[in-house]
Amino acid sequence: MSIHQSIKRVTVPQLKGCKGQRKIAALTAHSSVFASLMDEYLDFILIGDSTAMVAYGLPNTLSITVEQIAAHTAAVVRATAHACVVADMPFGSYQKTPEQAFENAAYLLSAGGADAVKLEGGEIMAPTIEFLVKRGIPVLAHVGLMPQHVNTMGGYKAQGMDEATGKQVLADAVAVERAGAFAVVLEGVKEELASAISAKLGIPTIGIGASVACDGQILVTEDMLGLNGENVPRFVKRYANLASEVQHAVQRYADEVRAGAFPESKHCFGVKSTTPSKA
Ligand SMILES: Nc1nc(=O)c2c([nH]1)NC[C@@H]1CN(c3ccc(C(=O)N[C@@H](CCC(=O)O)C(=O)O)cc3)CN21
Ligand SMILES: CC(C)C(=O)C(=O)O
Ligand SMILES: [Mg+2]
């Protein structure tokens with residue numbers, strides 16, 4: 001079946017409407033291959049700025065560009081027909097002014113084909129979120145642990161652990177809802193706080209390291225598929241160990257090449273096979 005037949009893409013209002021109805025399941029993707037495998041099972045796919053780390057080997061999320069995110073977004077959009085597609089706004093592409101944010105968010109929708117954008121920040125980004133939403137750009141907000149703040153935090157630290165900082169995370173979540181965000185990612189906060197925020201907001205909370213109290217969950221795909229080794233945040237559950245699958249396959253291939261066992265005649269041109277080969 002063509003991906004354009006009889007499958008409807010999840011819309012942003014449908015995601016927002018999940019609140020109190022059903023949990024939202026989301027993962028990241030940056031390639032067509034993985035996006036096509038995940039599409040039918042997920043409500044939305046995020047082209048995360050974590051692509052900087054998992055696809056480019058960079059030490060943090062700070063140095064990926066809006067052009068790179070747009071290109072990866074286009075690859076994901078081409079391979080999907082069901083999941084809503086959300087593009088992360090890179091560090092430096094939205095913090096300066098609402099106008100700067102609009103220009104780059106519009107590029108992610110027009111050139112990348114994203115359905116919505118995500119950006120980090122609570123009260124401080126609320127005017128920007130309102131500016132974008134009023135001009136037709138749906139915004140997924142992201143509060144709590146904000147990886148683009150790694151240099152001011154001095155690492156990836158759980159947020160809102162005491163009463164005062166917990167109040168700030170709650171105020172941030174309330175501010176982004178008021179500004180018009182359709183949902184909010186809550187990262188690295190304890191269950192008590194995630195539960196209070198999820199109860200207070202009328203929009204869904206999407207947790208990552210933020211407990212089952214959230215209205216949905218997201219993880220980095222390479223982490224949950226076991227492609228990132230042991231080097232993952234402790235909130236990750238590994239649902240597969242694809243790293244060892246890949247290593248075994250590559251090792252067998254290299255062994256067979258060196259032994260002259262691959263390719264066989266059925267893998268070669270100009271050889272008539274008696275049964276149609278699938279390989
Ligand atoms: N592959 C990948 N997965 C992610 O989940 C992810 C990224 N990359 N890149 C951007 C951020 C960084 N993230 C992280 C990374 C590490 C911890 C972590 O291990 N935190 C420690 C505490 C560390 C400390 O206190 O210094 C923990 O125990 O949870 C949390 C979030 C989440 N995001
Ligand atoms: C919420 C997440 C997983 C994210 O922002 C990213 O992958 O960049
Ligand atoms: Mg991100």
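For this chain, numbers begin at 1 and follow the sequence in order. Counting starts at 1 for both ligands and their atoms, following the listed order.
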Proximity of V54 to ligand 1 by residue part, where a heavy atom lies under 4.0 Å
side chain

Output, in order, the C-alpha distance, side-chain angles, deciding distance and verdict of ring pair (Phe, Tyr, Trp, His ring centres under 6.0 Å) for Y56 and H72.
CA-CA 12 Å; Y56 291 93; H72 286 284; 5.6 Å; yes

Could you list the atoms of ligand 2 found under 4.0 angstrom from a heavy atom of G48?
6 (C), 7 (O), 8 (O)

Check each heavy atom of V236 against ligand 1 and say whether those closer than 4.0 Å belong to the side chain, the backbone, both or neither.
neither

Quick one: pull up CG in N104 and CG in L109 and give me the separation to the nearest 0.5 Å.
12.0 Å

Would you kindly say whether Q159 and H149 are connected by a side-chain donor-acceptor distance under 3.5 Å?
no

I45/T28 under side chain to side chain contact (heavy atoms under 4.5 Å, CB included): CA gap, chis, key distance, verdict
CA-CA 5 Å; I45 293 174; T28 64; over 6 Å; no

Identify which protein N/O/S atoms are less than 2.8 Å from the Mg ion (ligand 3).
D49 OD1, D88 OD2

Is there a side-chain contact between V86 and I47, using heavy atoms and a 4.5 Å cut-off?
no

Going through the checks in order, is the salt bridge (Lys or Arg N to Asp or Glu O under 4.0 Å) test met by K23 and D43?
CA-CA 9 Å; K23 294 260 194 180; D43 299 297; over 6 Å; no

Proximal ligand 2 atoms for K118, defined as those under 4.0 Å from one of its heavy atoms:
4 (C), 5 (O)

Check this for me: does any side-chain nitrogen of one of R238 and E230 sit under 4.0 Å from a carboxylate oxygen of the other?
yes

protein heavy-atom neighbour closest to atom 11 (C) of ligand 1 works out as P147 CG, 3.6 Å

Of all the non-hydrogen atoms in the protein, which one sits nearest to atom 20 (N) of ligand 1, and at what distance?
Y156 O, 3.2 Å

Which residue and heavy atom of the protein sit nearest atom 19 (O) of ligand 1, plus the separation:
P233 CA, 3.8 Å

Could you label the plane-to-plane angle of the H267 and F262 rings as parallel, tilted or perpendicular, counting under 30° as parallel and over 60° as perpendicular?
tilted

CG (N60) and OH (Y156) are apart, to the nearest 0.5 Å, by 5.0 Å

Give the residue, atom name and distance (to 0.1 Å) of the protein heavy atom nearest atom 31 (C) of ligand 1.
F235 CE2, 3.7 Å

One residue to check: L219. Relative to ligand 2, which of side chain, backbone, both or neither has a non-hydrogen atom less than 4.0 Å away?
neither

Ligand-side contact atoms (ligand 2) for residue partner I208, heavy atom cut-off under 4.0 Å
3 (C)

Can T28 be said to touch ligand 2, with heavy atoms closer than 4.0 Å?
yes

Using the rule given for side chain to side chain contact (heavy atoms under 4.5 Å, CB included), can you reason through F91 versus D49, listing the C-alpha separation, both sets of side-chain angles and the distance that settles it, and then say yes or no?
CA-CA 8 Å; F91 179 65; D49 56 353; 5.8 Å; no

Decide, yes or no, whether a salt bridge links D223 with K237 under the criterion of side-chain N to carboxylate O below 4.0 Å.
no

So is H142 in contact with ligand 2, going by heavy-atom distances below 4.0 Å?
yes

What do we get for D88 next to ligand 2 when only non-hydrogen atoms under 4.0 Å count, side chain, backbone, both or neither?
side chain

Please confirm whether the backbone N or O of V174 pairs with a side-chain atom of K200, one donor and one acceptor, at under 3.5 Å?
no

Any nitrogen or oxygen of R234, main chain or side chain, under 3.5 Å from a nitrogen or oxygen of ligand 1?
yes

Could you check atom 10 (C) of ligand 1 against the protein and tell me its nearest heavy-atom contact, residue, atom and distance included?
T61 CG2, 3.6 Å

List every atom of ligand 1 that sits less than 4.0 Å from any heavy atom of N228, numbering the atoms from 1 in the order shown and giving each element.
1 (N)

Can you tell if the side chain of L119 reaches within under 4.5 Å of the side chain of H142, non-hydrogen atoms only?
no

Can you check whether T65's main-chain N or O pairs, donor with acceptor, with Q68's side chain at less than 3.5 Å?
yes

Under the criterion side chain to side chain donor-acceptor pair (under 3.5 Å), I'd like the reasoning laid out for Q168 against D172: C-alpha separation, chi angles, the key distance, then a yes or no.
CA-CA 6 Å; Q168 183 58 54; D172 284 339; 2.9 Å; yes

To which protein heavy atom is atom 8 (O) of ligand 2 closest, and what is the distance rounded to 0.1 Å?
D49 OD1, 2.7 Å

From T205 atom OG1 to L193 atom CG, the distance as rounded to the nearest 0.5 Å:
10.5 Å

Is ligand 1 under 4.0 Å from a heavy atom in the side chain of E222, in the backbone, in both, or in neither?
neither

Under 4.0 Å, heavy atoms only, figure out whether ligand 2 is touched by the backbone of L46, its side chain, both or neither.
side chain

For the pair V10 and H82, evaluate side chain to side chain contact (heavy atoms under 4.5 Å, CB included) and give the outcome as yes or no after the intermediate values.
CA-CA 6 Å; V10 177; H82 169 260; 3.6 Å; yes

Quick test of your reading of the structure: of M146, E187, M153, M224, whose heavy atom lies closest to atom 32 (C) of ligand 1?
E187

Examine S50 against ligand 1 and note whether any of their N/O atoms are separated by less than 3.5 Å.
no

Any idea which protein heavy atom is nearest atom 25 (O) of ligand 1, and the distance to it?
K157 CD, 3.3 Å

For atom 2 (C) of ligand 1, the closest protein heavy atom turns out to be D223 OD2, 3.4 Å

For the pair I137 and V117, evaluate side chain to side chain contact (heavy atoms under 4.5 Å, CB included) and give the outcome as yes or no after the intermediate values.
CA-CA 7 Å; I137 299 178; V117 299; 3.9 Å; yes

Atom 6 (C) of ligand 1: the protein heavy-atom neighbour that sits closest, reported with distance to 0.1 Å:
V220 CG2, 4.1 Å

